2 protein chains.
Amino acid sequence: MNRPMRTRRQATLASLAAELGVSRTTVSNAYNRPDQLSPELRRRVLETARRLGYPGPDPVARSLRTRKAGAVGLLLTENLSYAFRDPAAVGVLEGLALACEDAGVGLQLVPASPGREDVAAVHRAGVDGFVVYSVPDDDPHLAAVMSRPVPTVIIDQPQLDGIDRVGPDDAAATEQIADHLVGLGHRQVGVLCMRLARDRNDGFAPVDRQQEAHYHVQRTRLATLAKKFASVGVEWSAVPVVERFEHTVDDGASAARELLDANPHVTALICTSDILALGALAEAGRRGLRVPADITVTGFDGVAEATRAGLTTVHQPVLEKGKAAGKLLLSAGDRVAPKVITLPTELRVGTTSAPPRTAEERWFGP
Amino acid sequence: MNRPMRTRRQATLASLAAELGVSRTTVSNAYNRPDQLSPELRRRVLETARRLGYPGPDPVARSLRTRKAGAVGLLLTENLSYAFRDPAAVGVLEGLALACEDAGVGLQLVPASPGREDVAAVHRAGVDGFVVYSVPDDDPHLAAVMSRPVPTVIIDQPQLDGIDRVGPDDAAATEQIADHLVGLGHRQVGVLCMRLARDRNDGFAPVDRQQEAHYHVQRTRLATLAKKFASVGVEWSAVPVVERFEHTVDDGASAARELLDANPHVTALICTSDILALGALAEAGRRGLRVPADITVTGFDGVAEATRAGLTTVHQPVLEKGKAAGKLLLSAGDRVAPKVITLPTELRVGTTSAPPRTAEERWFGP
DNA sequence: AATGGCTTCTGAACCGTTACGGTTTGTTCA
DNA sequence: TGAACAAACCGTAACGGTTCAGAAGCCATT
């Protein structure tokens, strides 16, 4: 405790009313509807409140009565650090926070611990709605949110029956980058991707694991890459895909190392996030591979760091994504049918992609 | 609305009890104290709940009765984008979120819009305590938080009477960097700082504005620099200090430009944040100034980007700062006296600081 | 047969507020 | 002079739970 402990029970609206000899309604009005009572009485109420140390109507009691919590909940991935370390996630968070601020409602981060399946926090959260971001399809927290009788918006998740959704067209975005690489002539590619399921698997991900991935975004991107490259004759099951549970630049680098050690002839590293791609660039540098002359590296998301590094990537408006989700949630109730917002993506060709070296060049230099 | 609208009024604990022909207490116990009723009855309760679409006890009503909201509020600077763009702030946020997750409580970002002095959101937030971070001393939201009868912890603020506080020893940290620069021989220095008050002033900040700064951290850092440099004979009022309202790399660059245009003989740019320092580095590069041969640049905070850039800076454990604040808040009540946690700082000499060039070198090259 | 100790369930009080539909008082105006 | 109306204030009934001190029933012990 860090404030001078009030010796007796906190003053309440009722005790204040009693002290003043007015009804509780009047005190309530003094705070909420100044036009409902004379300025003089209001002044007296407020002054007595100050004298008695009454801090104003209790927010929780008010919420109960008005059936408005004045906050929305955000459920995000099991790993909190991920959300704060990934610039794309921070962008979404910021956009969401901005939308909430605009509307004057709070944004509550709901704890969703990974280990203990402690869904209770979801039930305990006093919020008027939920935004769900980057959660695996089978996460029990997601199910818990769905069981709450409040509006919900999901970001970057597969379409759920009757639920608002915000996200880019991941398949189209992936096609853009795939077309770019195919057009440049790359056929021997490798992929670095983020975690595919809730269990840890730092290493190669076989095709079945790719197809069964619980993270919608990763699943879609991999599936689209597979389709695109298969269409130009690449046997996808032979394409190395390295997965990382954690999502850091260092993990991107180690994934690139693992992939290149086993597949030195790869001409392009396709990364399902910019962060991983930045790591791949670092690893390429360490190996003395020039980018893009010796190897092409591409990312995903188009975060500021990637732009600065000249990374070829697909940009998506992460801030807008969060904002749109917030607005959607806060305008629920106006609608009757669920709404889906698809955000535009844009291929940004940087300085990290080029045609592959020919076999000759590879042996004898350019 | 995005869920099949329940045609009639939501089921409540009472209606469920009535349906089952048991008391409300028993239904409540089915959810909160499974050991208080027979497994068989509990099963029936839960099953009937499912059938009736009862989502479990209402969080707000529960909060009212138990007097626990299960969330803590975070009040941060007027500018939300700042909090998400500054890696140091994100670190604090992450630490705080981790502490909250550990304790299973939510973390609610309380909207504190800059323009409209809408303090209502602070009063409306159903939280068990507040963390206040990086808010100007005279912000009305801060006053509003103080008026709420809940524990509060402040980060990076001046000591407030009877309030827990977490922060580095900014004065000591600043002395470290000042001593380093003085030791190298720098006497002609310039300073880039963040906003000093709530009004915008992009430009030089005279001494009185520095002294009256409403942001505690900035005020302390400037005051300590002034003291240190004065002690070696530098006339502080002649030292150029450029202020920026926004806190971005670009603003750091433009501030450096403004300062160097007016004071080309400056040998060291002291920045009160790493972000500004990164901008200063960029501007130095644009001018063809070599760092540290031609000019020394230092930062503050020790964020990852700064380390990567080899910036000389004072590191402070931002993640720990947030964590400590969270733990402190969540353990309030155990204590009776307010607690102050001072975090260690560490001078990290990178590759951006060196002795100043002599006048000769400046004219004729090294 | 009385006593004590479980387990299981209940009744009533309470948490602090706002919504709703009034009543009272005073002023205006035909 | 009295009808009409606005301003100011009030009483009651929720809002949806949790909690605590028992009551009822049952069994084992003394």
Side-chain angles (χ1 to χ4, degrees), chain A residues 6 8-45 48-49 52-70 120 123-128 148-150, chain B residues 6 8-45 48-49 52-70 120 123-128 148-150:
Chain A
R6 320 211 183 279
R8 292 157 334 117
R9 194 59 154 288
Q10 265 295 330
T12 71
L13 186 143
S15 66
L16 184 54
E19 171 86 12
L20 280 157
V22 301
S23 77
R24 307 214 296 286
T25 303
T26 299
V27 178
S28 176
N29 283 337
Y31 285 94
N32 304 314
R33 306 174 160 184
D35 57 316
Q36 295 290 305
L37 73 172
S38 65
E40 161 58 15
L41 178 55
R42 181 169 133 93
R43 199 194 51 68
R44 265 181 58 217
V45 171
T48 310
L52 263 52
Y54 176 65
D58 180 283
V60 175
R62 187 210 299 261
S63 289
L64 174 60
R65 186 64 244 235
T66 59
R67 320 193 59 57
K68 293 225 122 299
H123 287 120
R124 228 174 280 271
V127 296
D128 298 321
R148 293 265 318 247
V150 293
Chain B
R6 321 213 180 279
R8 290 156 338 115
R9 195 56 155 287
Q10 265 295 331
T12 73
L13 186 142
S15 67
L16 185 53
E19 171 86 13
L20 281 156
V22 302
S23 75
R24 311 214 304 286
T25 302
T26 298
V27 178
S28 176
N29 283 337
Y31 285 95
N32 304 314
R33 306 176 164 185
D35 58 316
Q36 295 292 304
L37 72 172
S38 65
E40 161 58 16
L41 179 55
R42 181 170 134 93
R43 199 194 51 68
R44 264 181 57 217
V45 172
T48 309
L52 263 53
Y54 176 64
D58 180 281
V60 175
R62 188 210 298 261
S63 289
L64 174 60
R65 183 62 238 233
T66 60
R67 320 197 58 58
K68 292 231 128 297
H123 287 118
R124 229 173 280 268
V127 295
D128 299 321
R148 293 262 323 243
V150 293

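In the text below, chain A, chain B and the rest are named by the order of the sequence lines, each starting its count at 1. Because the structure is a prediction, the values reported are computed rather than measured.
Side-chain atoms of Ser23(B) lie closest to dG11(C) of the nucleotides dG11(C), dT19(D), dT17(C). Ranking dG16(C), dT10(C), dG17(D) by closeness to the Tyr54(B) side chain, first place goes to dG17(D). Checking dC9(C), dT18(D), dC10(D) against the side-chain heavy atoms of Arg24(B) singles out dT18(D) as nearest. Each of dG16(D), dT17(C), dT8(C) was ranked by its minimum atom distance to the side chain of Ser38(B); first place goes to dT8(C). The side chain of Ala61(A) sits closest to dG16(C) out of dG17(D), dG16(C), dT18(D).
Nucleotide dC20(D) holds its P atom 13 Å from the CG atom of Asn32(B), rounded to whole Å. A straight line from CZ of Arg33(A) to P of dA7(D) spans 15 Å, rounded to a whole angstrom. The interatomic distance linking Arg67(B) (CZ) with dG16(C) (C1') rounds to 8 Å, in whole Å. Protein atom CG of Leu16(A) is 12 Å distant from nucleotide atom P of dC10(D), rounded to whole Å. Atom-to-atom, CG of Asn29(B) to P of dG16(D) comes out at 20 Å; the value is rounded to the nearest Å. dC15(D) atom C1' lies 15 Å from atom CG of Leu13(A), rounded to whole Å. The distance from atom CG of Asp58(B) to atom C1' of dC15(D) is 9 Å, rounded to the nearest whole Å. One interatomic measurement links the two molecules: NE2 of His123(B) to P of dG16(C), which rounds to 17 Å at whole-angstrom precision.
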- Show your working on side chain to side chain contact (heavy atoms under 4.5 Å, CB included) between Tyr54(B) and Thr48(B) and close with a plain yes or no. CA-CA 8 Å; Tyr54(B) 176 64; Thr48(B) 309; over 6 Å; no
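Val60(A) comes within 4.0 angstrom of no nucleic acid atom, judged by non-hydrogen atoms across all strands.
Checked by distance alone, Arg62(A) brings no side-chain donor or acceptor within 3.5 Å of a matching partner on the base of dT17(C). No N or O donor and acceptor, one from the side chain of Ser63(B) and one from the base of dG17(D), sit under 3.5 Å apart. Applying the 3.5 Å distance criterion, the base of dT19(D) shares a donor-acceptor pair with the side chain of Thr25(B).
Comparing Leu64(B) and Gly21(B) by the nucleotide of DNA chain C whose heavy atom lies nearest to each, the residue mapping closer to the 5' end is Gly21(B). Each of Arg65(B) and Gln36(B) has a nearest nucleotide on DNA chain C; the 5'-most of these lies closest to Gln36(B).
Environment of CZ in Arg43(B): crowded, with over 12 heavy atoms of neighbouring residues, nucleotides or ligands closer than 6.0 Å.
The shortest distance between the side-chain N/O atoms of Thr12(B) and the OP1/OP2 oxygens of dG16(D) is not below 4.0 Å.
Ser28(B) and Thr25(B) share no side-chain donor-acceptor pair at under 3.5 Å.
Between the side chain of Asp128(A) and the backbone N or O of Lys68(A), no donor-acceptor pair lies under 3.5 Å.
Residues forming a side chain to side chain donor-acceptor pair (under 3.5 Å) with Arg62(B) (at least two apart in sequence, or on another chain): Asn32(B).
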